Every structure is written in structure tokens, then in C-alpha cells.
Amino acid sequence: MGCNEPKAFVRVNGRTILARSLETIISSGVASAIVVAAPEDFLLQAQEEIAEAATRMKCEISITAVAGGNDRSSSVQTALKLNRDAEYVLVHDAARCLTPPDVFTRVVDALQSGAEAVVPVLPMIDTVRRVVPHGAVGADPSSGAGTGAERASNGIVWSIHGDSGDETTADRPDNPDHAVAVGAGGRAVVRGDLDRAELRRVQTPQGFRAEALRRAHDEFAADGAGLADGTVTTDDACPTDGAGSTAEADPTAGEAGEGRQGRVLPTDDAGLVERVGVEVVAVDGDEEALKITYPLDLVLAEQLARMRDGAVDPGPGAPDSAKEPR
């Protein structure tokens, strides 16, 4: 995105992504404590942003900044240690700073109704195909070649690093005849149609019964695995060339991450708990909970923030949430 600092400190209509995220969480009323996992070199800056946001929102709940780990999993584990008494935990992505408070409420309501893990989702609106290297055409598809309680008890583990849970994957079709060459020189092919009706775009906050999330992280740590590549601390330290090699700059990077035993690793916390047998429940997400990843996302977020802040008339046809300042 052309910046030299973590994305969470980029300003959207005058306030940082971190500040706006905190304001949304606080205004949702679902949290009794918030933990911000920040890059160690930016911990002081995060603490200053927290203090300003808490004063502005007249917030009385505990908000703590901690130094994040080398990857998303270790950062979440660090934050979990500060919320040992929480019955529920929400893991939220800083890049989704305009997530409407109602999304937080829906996630918590589902947890209070008995779910152990909850994610907000949106329908897939585009045609989706799996892209594989040109030499993978005709390869064996199975081989992988080319490829409840009171809300006051809720804690929120909130990470500056960003999530990688937007990219939904599915088993590719078994019929190699569906392959079509694309790109210069036919270097890649797309294989078959995925059933769009079965696919969803996953957002945050992702909510969990705290015991289930701790167990999932503990088991993966003991197995020598973590979340897939693309969830490292440097995700939000925007590359000056606008590219970068992580899932933050390239949303496909996390899909092929493998552990020591060649397994495809989960790219978010919901994937972790699912691996240990926890059923993940879906609730409605919101288009305004866009993930700021590319420069165009920032342009859209800036316009939406201006409409929310009352600086711009959204005009006819704009969603109601854009017409009422939050």
C-alpha cells in the first residue's frame, strides 16, 4: 500500500485504522476487555492510540497492548493469556476497521446460543475457479500436485497483524477436462467451476468459546504447526513497492502453506478449531466490513468513513448505515 509502517496506523479520514477498530468494538458493547497484539517496535504508538480512543469513547473497560509474536497463532496465544477468565473470545482483524457493531453482536449472540465457534460470512458473488500451474493439468486431484453467558464475560483478542480468512478454498473437481490455459504462454490453468452456492467469504470478528480456541492453539503448537504462511508479523508493514510476498499483499499466498507433515494449514482461527473437531457456525457478515489490503480498498474505506463521519452526503441509494454517523 506504499507505506512504511504497520497498516493499523494508516489514517482513514483523519483517524487511524487502529483507532477506528477500537471505536467499533467499544460501541458494540460486547467486550469486557480488549487486547491489541502489536509489532514490538510500534507498541508505544499502539498504547497512545488506545489511550486516545478510550478517552474519546469514554471507555471504562480494560484495553491492553502486547507485543505480538512471529506469527498470528503466537500473537493470539499471547493475548489469550491475558484473558484467562473470559468465557468467550473474539479475534478481530485490524484491517476491517469499519465493521458495523451489529456484526459483533451477531457473533456473540450465536456464542451465547451454544455455538463454540462463529464466523461472519458473505455470499460469493463472482464465478470461482481454482488456478493451478500449467504442468498440473491431468494430475491426480487427490495428490495436491500444483496446488450463551453474560456479555460482560466476553474478552476480545484483537490483532494488528491481520487475518487470512477471506479466501475460501474447496476441493477442485476431479475432471481434468475442465482445464483452460490462461496467462502469458499458458503458464497457469483454471480447473472447473466451484459451486458458488456452497462458498462464502469469511470475515471477522471470529468468535469462540475460549476453551475451544485455547485447545486448538495448544494442539497445533504441540504438533509443531501454526497458521499458514501469510500471517506473519510483517503482514501490515506495508511494502514500499506495493507488492510483498505475504497473504496481506497477496490473498492467495496462504492457501498453499504446509506444515512439517505436508498438510495444508488453516489460514485463520476458525480453521484451527475446525481441525480439532469444533463445528464452526456462520452468521451474516456485512459488505462494509471490507478488509483494507490494497490501495483501492483504502480509497473505498476513506469514502465510507467520510459518509459515516458526516463529512460527505452519500446520495440516493446509499445504505442506511452510511447515512448515520457512528
Side-chain angles (χ1 to χ4, degrees), residues 91-93 95-96 98-100 102-111 113-132 136-137 139-147 163-182 188-208 227-228 230 247 250-257 263-291 293-294 296-297 300 317 319-321:
V91 182
H92 187 48
D93 180 10
R96 300 183 185 277
L98 299 177
T99 301
D102 287 351
V103 178
F104 289 83
T105 303
R106 285 195 287 272
V107 170
V108 172
D109 285 347
L111 289 171
S113 296
E116 289 192 89
V118 184
V119 295
V121 302
L122 291 175
M124 183 68 68
I125 58 177
D126 294 320
T127 295
V128 183
R129 291 174 178 262
R130 180 180 292 278
V131 178
V132 297
V137 179
D140 177 8
S142 65
S143 69
T147 62
D163 73 308
S164 300
D166 289 45
E167 298 73 48
T168 306
T169 62
D171 292 335
R172 56 192 175 192
D174 292 337
N175 185 358
D177 295 334
H178 291 171
V180 179
V182 295
V189 298
V190 293
R191 177 172 294 179
D193 286 327
L194 301 178
D195 186 355
R196 192 166 56 188
E198 296 181 352
L199 301 178
R200 295 293 183 272
R201 294 174 283 155
V202 180
Q203 301 182 314
T204 68
Q206 298 186 356
F208 308 92
L227 297 188
D250 178 5
T252 64
E255 294 184 1
R263 297 180 304 169
V264 176
L265 297 176
T267 58
D268 64 0
D269 293 277
L272 280 180
V273 299
E274 187 177 6
R275 286 290 184 98
V276 297
V278 174
E279 184 177 74
V280 181
V281 174
V283 298
D284 289 339
D286 195 296
E287 292 288 356
E288 294 185 19
L290 68 131
K291 182 178 181 180
T293 304
Y294 299 109
L296 178 58
D297 302 325
L300 296 174
D320 290 340
S321 57

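Being a predicted model, the structure only gives us computed values, none of them experimental. The basis for the numbers below is simple: all heavy atoms, side chains too, and nothing from hydrogens, waters or symmetry mates.
Looking only at distances, no side-chain donor or acceptor of Glu274 sits under 3.5 Å from a matching main-chain atom of Val280. In this structure, Arg106 contributes its side chain and Asp284 its backbone to a donor-acceptor pair below 3.5 Å. Distance alone, capped at 3.5 Å, is enough to place a donor-acceptor pair between the Gln206 side chain and the Ala270 backbone.
Among all heavy-atom pairs drawn from Thr293 and Asp297, the shortest one is N-OD2, 3.0 Å. Heavy atoms only, all atoms of each residue included: Arg200 and Pro123 are closest at CD-CA, 3.8 Å. Across all their heavy atoms, Ala117 and Leu111 have their closest contact at N-CD2, 4.3 Å. Arg275 approaches Pro266 most closely through the heavy-atom pair CG-CG, 3.8 Å. Closest approach of Gly285 and Leu122 over heavy atoms only: C-CD2, 3.6 Å. Closest approach of Pro205 to Val107, counting heavy atoms only: O-CG2, 3.6 Å.
To the nearest 0.5 angstrom, Thr204 atom OG1 is 6.5 Å from Phe104 atom CZ. The structure places CD1 of Ile125 at 8.5 Å from CZ of Arg196, a figure rounded to the nearest 0.5 Å. For the atom pair CZ of Arg96 and CG of Leu290, the computed distance is 8.0 Å after rounding to the nearest 0.5 Å.
You'll find the side chain of Thr99 reaches within 4.5 Å of the side chain of His92, heavy atoms only. Two residues are said to be in side-chain contact when any heavy atoms from C-beta on lie closer than 4.5 Å; Asp102 and Asp286 fail this criterion. Using a 4.5 Å heavy-atom cutoff, the side chains of Lys291 and Asp93 are in contact.
Glu287 pairs by the salt bridge (charged side-chain N to carboxylate O under 4.0 Å, His left out) definition with Arg201, not counting sequence neighbours.
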